Q: 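Starting off with a structure, shown below.
In this text, all values refer to a predicted model and were calculated from it rather than measured experimentally. The chain is numbered in sequence order, starting from 1. Hydrogens, waters and symmetry mates are skipped; everything else that's a heavy atom, side chains included, is used.
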Amino acid sequence: MFYMKETSDVAKKVFNEYDKNKDGALTVEEIKPLLERVAVLLKLPKPSDNDIDEGMKRLDLNKNGVLEFNEFFNFFREIYNESKQYN
């Protein structure tokens, strides 16, 4: 349980850092720098605009065009676990 709390706390901090207009959701423009940062961290190619658009469509479960925290958290858990393997 502690692990999930730690992951959730880190995810919330990252989410808030990239939610530039503080509306509780991430737009494509807000999440793009994060995805570019993740690509560097995981030694992946820089994501194209098309990659980012496709990723948003996959992650945006309620199809409203933005990622709320719960949608972002599902994605973040995968990335967080993956990044721990590289450290």
Side-chain angles (χ1 to χ4, degrees):
M1 247 0 214
F2 175 75
Y3 172 74
M4 284 299 290
K5 170 86 169 101
E6 173 191 336
T7 304
S8 179
D9 289 349
V10 173
K12 193 64 167 170
K13 182 178 177 186
V14 171
F15 184 88
N16 289 335
E17 178 183 338
Y18 285 91
D19 182 14
K20 298 300 182 192
N21 63 1
K22 305 302 179 204
D23 66 352
L26 297 177
T27 64
V28 170
E29 294 79 23
E30 289 172 322
I31 202 167
K32 183 177 180 177
L34 172 60
L35 296 178
E36 290 172 348
R37 186 171 152 193
V38 167
V40 170
L41 176 69
L42 299 179
K43 297 179 174 82
L44 299 171
K46 181 179 175 181
S48 69
D49 288 344
N50 188 54
D51 293 335
I52 293 169
D53 288 342
E54 288 300 313
M56 281 290 285
K57 286 178 189 172
R58 183 175 63 86
L59 297 170
D60 182 14
L61 301 177
N62 64 4
K63 306 301 180 203
N64 66 348
V66 295
L67 296 183
E68 284 87 13
F69 180 73
N70 64 324
E71 295 167 323
F72 172 78
F73 184 63
N74 292 332
F75 164 71
F76 184 84
R77 266 193 325 221
E78 293 174 32
I79 298 303
Y80 190 72
N81 291 336
E82 190 76 19
S83 71
K84 288 233 179 232
Q85 293 177 7
Y86 288 91
N87 292 325

Q: Taking all non-hydrogen atoms of both residues into account, name the closest pair between F69 and S8 and its distance.
A: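 In this case the closest contact between F69 and S8 is CZ-O, 4.1 Å.
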
Q: Taking all heavy atoms of P47 and all of A39, pick out the closest pair and write down the distance.
A: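 Here P47 and A39 meet closest at CD-CB, 3.8 Å.
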
Q: Can you tell me how far CG of D60 sits from CG of D53, rounded to the nearest 0.5 angstrom?
A: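 Rounded to the nearest 0.5 Å, the CG-CG separation comes to 11.5 Å.
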
Q: Output, in order, the C-alpha distance, side-chain angles, deciding distance and verdict of side chain to side chain contact (heavy atoms under 4.5 Å, CB included) for L35 and Y18.
A: CA-CA 11 Å; L35 296 178; Y18 285 91; over 6 Å; no

Q: Got a second to check how far F72's CZ is from I31's CD1, nearest 0.5 Å?
A: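 These two atoms lie 6.0 Å from each other.
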
Q: Working to the nearest 0.5 angstrom, can you tell me the gap between L26 CG and N16 CG?
A: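 One finds 9.0 Å between CG of L26 and CG of N16.
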
Q: Are the charged groups of D49 and K32 less than 4.0 angstrom apart, N to O?
A: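 Result for this pair is yes, salt bridge flagged.
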
Q: Taking side chain as C-beta onward, heavy atoms only, is N50 less than 4.5 Å from E54?
A: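 A side-chain contact exists here, since the closest heavy-atom pair is under 4.5 Å.
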
Q: Within 45 degrees of the axis of the six-membered ring of F15 and under 6.0 Å from its centre: does K13 put its NZ or CZ there?
A: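 The answer is no, since K13 fails at least one limit relative to F15.
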
Q: Drop me the distance from L34's CG to F76's CZ, to the nearest 0.5 angstrom.
A: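 L34 atom CG to F76 atom CZ measures 8.0 Å (nearest 0.5 Å).
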
Q: Is the side chain of K63 donor-acceptor paired with the backbone N or O of K57 at a distance under 3.5 Å, no angle test?
A: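 Judged by distance alone, yes, a pair lies under 3.5 Å.
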
Q: Applying side-chain contact (heavy atoms from CB on, under 4.5 Å), can you list everything that pairs with N74, at least two apart in sequence or on another chain?
A: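 N74 satisfies side-chain contact (heavy atoms from CB on, under 4.5 Å) with L61, R77 once adjacent residues are dropped.
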
Q: Are E30 and N21 packed together at the side-chain level, in the sense that at least one heavy-atom pair is separated by less than 4.5 angstrom?
A: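 Result yes, sub-4.5 Å side-chain heavy-atom pair found.
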
Q: Looking at residues at least two apart in the chain, or sitting in another chain, which of them share a side-chain contact (heavy atoms from CB on, under 4.5 Å) with E68?
A: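 Scan of E68 (side-chain contact (heavy atoms from CB on, under 4.5 Å), adjacent residues dropped) gives N62, N64, V66, N70, E71.
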
